[in-house]
Amino acid sequence: AVARESRGSPFLVEELARSASARFGAGDASGSTLSSLTLEQMVSERLAALPDAARRLVEILAVAGRPLHVTIARDASGSSEATDDIVSLLDARRFVHAGLRDGREVVEMIHDRIRETIASLLKPEAIRVHHARLAQVIEATPDADPEALTAHLIGSGQTARAATYAERAAEQAASKLAFDQAVCLFKIAIECVPPASADATRLSARLGVVLEWAGRSAEAARVYLEAAKGASTSARLDCERAAAAHFLAAGHIDEGIALLRGALAAVGLRAPRSALSAVFWFLFYRLLLAIRGLRYVRRASDEVAPRDRARIEALRAAATGLALIDRVVSASLQAR
C-alpha cells in the first residue's frame, strides 16, 4: 500500500509508513485495513487532529498553490492567534515548510501531492471562498502579484476583473522576455472577456505580437486572423496583412499569398499575375520615379488620407512578404 500510494516519493514513503506504524501502535493490525491505506486517509486523519485555526491556514495554502508570505496567509485565513505558533505546529505535523524568500518569511505546502489531496477534500464553495479571501488580501498589498491575483479571481468567479490582471501579468512577462509565459497569460485574459468583444479583439492582436516575438509565426498568423473577425475595417486589414506575413515566415506559402492578394484587392489593387507583367509594371513605375523623383514639398496639411495610407501599407506588406518567394513581383510592388 505504501509503495503504491507514494509513487516513488521518498517523503511520502516515510509519511505513509509513519501512518501505518501508528495504526499498529493503536492495535489495528488488520491486514485488509493496512492494504487499503491511502494518502487521502492519512491526510484526512491528520487534518481532523488539527485545531480550527491551523486547519484553515493549511486549507488556504493548499488552495493558493504557491508559497505565501506569512502575513498574507494569516490575513487570508482570518486567524487571530499567533501565526508563528500555528506555522510551527503545521511544520511539526509535516504539512508545511517555512523559509525566507527575498528577505521575507514565506510558508508553503511541504509536498504537492499533499496539497492536491487537501484541495480535493474541500467543497467547491469552500474553495471559492478561500480564493476570494486570497484575492482580497493580495490585492491590498503594495507589490501585488498580478499572476497570482488572476488565478484567485478566476477561482472565486470574478472573471471580468481577472482579465485585467491577466493582461497586466502578461505585459510584465513580455517585458522580461518570458514570451511563452506571456502567451499563456494573454490566452487566459482572452478567455475571461466576452467573445467577439472589443477587448477580445485587442487582446488577440496583442497575443499575435507576443507570439511573433516568441518565434511562433504560424500560431501568430492564426491569432491575427481571429482578431480580424471582430475588428473595424482598417484594423481588420492590418491584422490580415500581419497574418499573411507570418504565414509566409512560417513556410505556409499558399495561405500567405492568398491573404496578401486579398489585402491588395480590399484597397483596389492587385499583384501582377505573371513574371512578364511584373517586369512591365516594375519598369513603368521606375520610369515614373525617374521622371518625378523623390522630392518632398511640405504642404499646409501633411496628413495622409486613410485610403492612401491603406494602399501604401498593403503594397509594403505584399512587397516585403513576397521578397523571398517572387522577387520580380515583389520589386514591381515595391516600385509602385
Taking only residues two or more places apart in sequence, or in another chain, which ones meet [X] in a ring pair (Phe, Tyr, Trp, His ring centres under 6.0 Å)?
X	answer
F280	none
H69	none
H152	H131

Considering only residues two or more places apart or on different chains, which pairs with a residue in [range] satisfy salt bridge (Lys or Arg N to Asp or Glu O under 4.0 Å)?
range	result
residues 138-160	R66-D145, R104-D143, E139-R161
residues 169-186	E171-R206, D180-R216
residues 310-329	E313-R316
residues 284-293	none

Looking at every non-hydrogen atom in both residues, tell me the closest pair between [X] and [Y] and how far apart they are.
X	Y	value
A62	A119	CB-N, 4.3 Å
L149	A135	CD2-O, 3.4 Å
S332	P272	OG-CG, 3.5 Å
A200	P194	CB-O, 3.6 Å
A49	R93	O-NH1, 3.5 Å
R115	G65	CD-CA, 3.7 Å

Nearest 0.5 Å please: distance from the [atom1] atom of [X] over to the [atom2] atom of [Y].
X	Y	atom1	atom2	value
L39	L16	CG	CG	6.0 Å
T150	Q158	OG1	CD	11.5 Å
R94	E15	CZ	CD	4.5 Å
S77	E59	OG	CD	10.5 Å
I253	I257	CD1	CD1	6.5 Å
R74	D84	CZ	CG	9.5 Å

Answer whether the closest heavy-atom distance between the side chains of [X] and [Y] falls below 4.5 Å.
X	Y	result
T141	T71	no
Q41	R46	no
C239	L225	no
I72	I60	no
S9	R113	no
L153	Y165	yes
S217	E212	no
L89	D85	no

Please answer: with hydrophobic residues joined when any side-chain heavy atoms are less than 4.5 Å apart, are [X] and [Y] in the same cluster?
X	Y	value
L259	L269	no
M109	V137	yes
L57	L121	yes
M42	L122	yes
I114	V63	yes

Please evaluate residues E219 and K187 with respect to the criterion salt bridge (Lys or Arg N to Asp or Glu O under 4.0 Å), reporting the C-alpha separation (whole Å), side-chain torsions for both, the decisive distance (0.1 Å), and the verdict. CA-CA 12 Å; E219 193 176 348; K187 288 180 178 179; 3.0 Å; yes

Look only at the side chain of T159 and the backbone of A162, and say whether a donor-acceptor pair between them is shorter than 3.5 Å.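 Not at all, since once roles are kept as given, no pair shorter than 3.5 Å links the two residues.
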
Hey, does the side chain of S6 reach the backbone of A3 with a donor-acceptor pair shorter than 3.5 angstrom?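 Yes.
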
Salt bridge (Lys or Arg N to Asp or Glu O under 4.0 Å) against R133, all qualifying residues, sequence neighbours excluded: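 For R133, no residue satisfies salt bridge (Lys or Arg N to Asp or Glu O under 4.0 Å) once neighbours in sequence are set aside.
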
Considering only Ile, Leu, Val, Met, Phe, Trp and Tyr, and joining two whenever side-chain heavy atoms are under 4.5 Å apart, list the other residues clustered with [X].
X	result
I312	none
L289	L294
V193	L177, F179, V183, F186, I190, L203, L207, V209, V210, L211, W213, V223, Y224

With distance as the sole criterion, is a donor-acceptor pair present between the side chains of S120 and T117 under 3.5 Å?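 Looking only at side-chain atoms, T117 and S120 do not form any donor-acceptor pair under 3.5 Å.
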
Does a donor on one side chain sit under 3.5 Å from an acceptor on the other, for T38 and E40?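 No, because no side-chain N or O of T38 sits under 3.5 Å from a partner of the opposite role on E40.
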
Over 60° means perpendicular and under 30° means parallel, so classify the ring planes of F11 and H111, tilted if in between.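 H111 and F11: parallel rings.
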
Take L61 and V96, measure what side chain to side chain contact (heavy atoms under 4.5 Å, CB included) needs, and give me the verdict at the end. CA-CA 9 Å; L61 290 169; V96 305; 3.5 Å; yes

Crowded around I291 CD1? As in, over 12 foreign heavy atoms under 6.0 Å?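 Correct, the count exceeds 12.
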
Are more than 12 heavy atoms from other residues, nucleotides or ligands located less than 6.0 Å from atom CG of L324?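 No - once you tally the heavy atoms of other residues, nucleotides and ligands closer than 6.0 Å, there are 12 at most.
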
Kindly determine whether L12 and E5 satisfy side chain to side chain contact (heavy atoms under 4.5 Å, CB included), including the steps that lead there. CA-CA 8 Å; L12 293 180; E5 284 295 302; over 6 Å; no

Run the side chain to side chain contact (heavy atoms under 4.5 Å, CB included) test on L315 and V267 for me, step by step, so that the C-alpha distance in whole Å, both residues' side-chain angles and the decisive distance to 0.1 Å come before the verdict. CA-CA 10 Å; L315 286 167; V267 292; over 6 Å; no

Chi angles and distances behind the salt bridge (Lys or Arg N to Asp or Glu O under 4.0 Å) call for R202, E167: CA-CA 11 Å; R202 176 179 58 80; E167 182 180 4; 2.6 Å; yes

All side-chain hydrogen bond (donor to acceptor under 3.5 Å, both in side chains) counterparts of R55, not counting sequence neighbours: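 For R55 the side-chain hydrogen bond (donor to acceptor under 3.5 Å, both in side chains) partners, ignoring immediate neighbours, are D52.
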
